[in-house]
Amino acid sequence: MPLALPKASRQECDQMNLFSDIRELVIAALDDLAAQGTLPAGLDLAAVAVEPPRDAAHGDMATNAAMVLAKPSGLQPRIIADALAARLMQDPRIAGADVAGPGFLNLRLDPAVWHNLLRATLTQGVDYGRSSLGQGLRVNVEFVSANPTGPMHVGHVRGAVFGDALARLLAFTGWDVTREYYINDGGAQVDVLARSAFERYREANGLEPEIREGLYPGDYLIPVGEALKDKYGATLLDQPESVWLTEVRDFATELMMAEIRNDLRVLGVEMDVYSSEKALYGTGKIEAAIDRLRAQGLIYEGILEPPKGKTPEDWEPREQTLFRSTAHGDDVDRPVKKSDGGWTYFAPDIAYHYDKVERGFDALIDIFGADHGGYVKRMKAAVSALSNGRVPLDIKLIQLVKLYKNGEPFKMSKRAGTFVTLRDVVEQAGADVTRFVMLTRKNDAALDFDFDKVLEQSKDNPVFYVQYANARINSVLRKARDAGIDVSDQSLLAADISILTHEAELAMARKIAEWPRLVEIASRNNEPHRVAFYLYELASDFHGLWNRGNDDSSLRFIQDGDIATSQAKIALARSVSVVICAGLGILGVTPVEEMR
RNA sequence: GCACCCAUAGCUCAGCUGGAUAGAGUGCUGCCCUCCGAAGGCAGAGGUCAUAGGUUCGAAUCCUAUUGGGUGCGCCA
């Protein structure tokens, strides 16, 4: 959902996004050309872009202005490009402007631009790249929302990490973010939990548990049974289910949620709000949400067509209460009541999302497992109807994680109780590694998680590679300090950075300049994985520069006996470190200063 | 049958919401340690971006169809 921003606020808050700065320069130049009559007035400049060129040999930045304006202006791209180039050359920041290819204008920037950029990076620290893109609007990110029937397993981890990183990314780009967990404690599965826990309670009282088919067999319920015994002694043993079900259910659910909160904390995820499905029942909230839809003529009694080609055997036409989701883009209308008159799961979901709309959020994001892909359209339809199209809902589907150990697939069986828990993963791989690796794929692609590879210390492990770059930089800082060089950010800022003129060093600065732009793109698309990939590239460039120092000692960061030069070069390294720390911060990964 | 997601180098994947000669890692081939850290470095080979059309100055990217894979499709959440 791209948002148009007034120029003034952009300049105040996003001081050092070079790409938007130069784009504004290009736009201003085009306005001048229009004022002079070189270009027709009133052209739509929205499609004018300033981007990094694919090949660095083409220059520092490229703009497509001449090509996108050729048709609406009725002029040849070459004519526009030449005029624009001449106009841009009047700005001190532009050192060169060459027309190339089909009409690209390649810009070379004055080295002082890069030097300013490095100073800005050091000044702003890990706030470098922060923006006002979200304009302080309120966004609700709902994620994890695992059923409170057991500890979190590895399948939940990716959703948790993704949601948390997305929340951090949005906060970094100017959104007011609420992280929310929807507790599915209103359905039959929590009754199953209660019955399973009750068997463990009998076990704690010295009786033989009967873990019947359909109950949860996992050992994690044994402590729950013991806790029940501590609370109730033997008093529930001879009671019928009708007496204990509600109490045991609430008790067990609460313990499971405590467990889940703990698991999330281990991963470094803190929720702002926990919402309960159960709490929606009996309050009239579900009825109110349905009535709201009814008032729009979107609720009716009707009979659904059976799915074609694959009709369930026990299918029979049945009149049901339906939500006319097709009026808001869905393929078929969806039932909100079961045949026994109770709500379907969809009804409380509608009420829950209505509640989020009512709480005043400007945008909603749901993070679902890929197996819930079938609910995307109906959920969007519901939010569209409930908010009169005001509140956009983006739903990100998280694909499966395939576990590997020694290159072999690692099978999980829920029934045998041998699933890999979140705790297992974090204990073996560590929270930082787990988080980073989970973000090295886009959310809609399946991800392989190999316990051996993620702990490997080599170049093909992106976590290590990025951390290693930061550690190297800190190693330089330590060495410089030992050599008596002042490497505080203040004194680096005071250093004469303009002596950095080597093409490799300016290329490094160019990569740093991409950070604010990358963050913006990642945020607009709700794609935190882009941050992880950028960090890998940044680290790779840094390692490359480091290695060139092996052959060309003038590229080393510490120049013996030349404090001024050393400080300038260290300022560059320190800037890289700042961006790595900012990026890792978005991913929720702790930067390390030393490899062990 | 329908909907959604996916298809890019031998393998695992990026690819900037339409830009220039499609990029990394890994694997393969060949070089390189007296070196701020070789847990590496440099270079090379490797592509019909699943297929066929369309849209336009320009398509891996957008549209249509087809093929192949995944997920889901009333009384489970």
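Being a predicted model, the structure only gives us computed values, none of them experimental. Proteins get letters first, then strands, A, B, ... in listed order; numbering begins at 1 in each.
The aromatic rings of A:Tyr465 and A:His543 sit tilted, their planes meeting at an angle between 30° and 60°.
As judged by a 4.0 angstrom heavy-atom cut-off over every strand, A:Glu514 is placed among residues making no nucleic acid contact. Within 4.0 Å of A:Asn106, counting heavy atoms only, lies at least one base atom of the nucleic acid. A:Val50 comes within 4.0 angstrom of nothing in the nucleic acid, heavy atoms only. Using a 4.0 Å heavy-atom criterion, one finds that A:Glu51 contacts the sugar-phosphate atoms exclusively. At a threshold of 4.0 angstrom between heavy atoms, the contacts of A:Lys337 with the nucleic acid are absent. When heavy atoms are screened at a 4.0 angstrom cut-off, A:Glu316 is found touching base atoms of the nucleic acid. Using a 4.0 Å heavy-atom distance criterion, A:Ala47 is classed as making no nucleic acid contact. Note on A:Ala370: only backbone sugar-phosphate atoms sit closer than 4.0 angstrom, heavy atoms only; bases stay farther off.
Using a 4.0 Å cut-off between charged side-chain N and carboxylate O, A:Lys377 and A:Asp331 make a salt bridge. Under 4.0 Å is where a charged nitrogen must lie from a carboxylate oxygen, and between A:Asp349 and A:Arg378 no such pair does. Taking a cutoff of 4.0 Å between a charged side-chain nitrogen and a carboxylate oxygen, A:Asp482 and A:Arg478 do not qualify as a salt bridge.
Judged by atom type and distance alone, A:Arg517 reaches the base of B:C16 through a side-chain donor-acceptor pair under 3.5 Å.
Annotation: of the two residues near RNA chain B, A:Arg556 and A:Ala188, the 5′-most nearest-nucleotide partner is A:Arg556.
For A:Asn547, the side-chain atoms get nearest to B:G40 when compared with the rest of B:C75, B:A3, B:G40. Minimum atom distance to the side chain of A:Asp331 is reached by B:A3, of the listed B:C36, B:A3, B:A20. Nearest nucleotide to the side chain of A:Arg318, out of B:C4, B:C75, B:G19: B:C75.
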Table please: side-chain donor-acceptor pairs of residues 61-73 of chain A below 3.5 Å, with sequence neighbours left out.
from    : atom 1 : to      : atom 2 : distance (Å)
A:Thr63 : OG1    : A:Ala49 : O      : 3.0
A:Thr63 : OG1    : A:Ala65 : N      : 3.2
A:Asn64 : OD1    : A:Ala49 : N      : 2.8
A:Asn64 : ND2    : A:Ala47 : O      : 3.4
A:Ser73 : OG     : A:Leu69 : O      : 2.6
A:Ser73 : OG     : A:Ala70 : O      : 3.3
A:Ser73 : OG     : A:Leu75 : N      : 3.3

**Q.** Nucleic acid footprint by protein, nucleotides 7-14 of chain B - heavy-atom cut-off 4.0 Å, B for base, S for sugar-phosphate alone
**A.** -----SSS
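Ring stacking is absent between A:His372 and B:G72, as the pair misses the limits of under 5.5 Å between centres and under 30 degrees between planes. Both stacking criteria are satisfied for A:Trp546 over the base of B:C36: a centre-to-centre distance under 5.5 angstrom and an angle between ring planes under 30 degrees. We find that the ring of A:Tyr536 and the base of B:A24 do not stack by the test of centres under 5.5 angstrom and planes tilted less than 30°.
For residues 549-577 of chain A, the set of pairs meeting the ring-ring contact (aromatic ring centres under 6.0 Å, His included) definition, not counting sequence neighbours, comprises A:Phe542-A:Phe557.
The CZ-P distance, from A:Phe542 to B:G40, rounds to 16 Å in whole Å.
In this structure, a donor-acceptor pair under 3.5 Å is absent between the side chains of A:Asp185 and A:Thr253. Looking only at atom types and distance, the side chain of A:Asp394 has a donor-acceptor partner in the side chain of A:Asn526 under 3.5 Å away.
The side chain of A:Lys71 places an N or O atom within less than 4.0 Å of a non-bridging phosphate oxygen (OP1 or OP2) of B:C57.
Using the Watson-Crick or G-U wobble rule with both distances under 3.5 Å, B:A20 pairs with nothing in any strand shown. Shown here, B:C73 forms a base pair with B:G1; the pair counts as Watson-Crick or G-U wobble because both key distances fall under 3.5 Å.
Taking atom P in both B:C75 and B:G10, one finds a spacing of 45 Å when rounded to whole Å.
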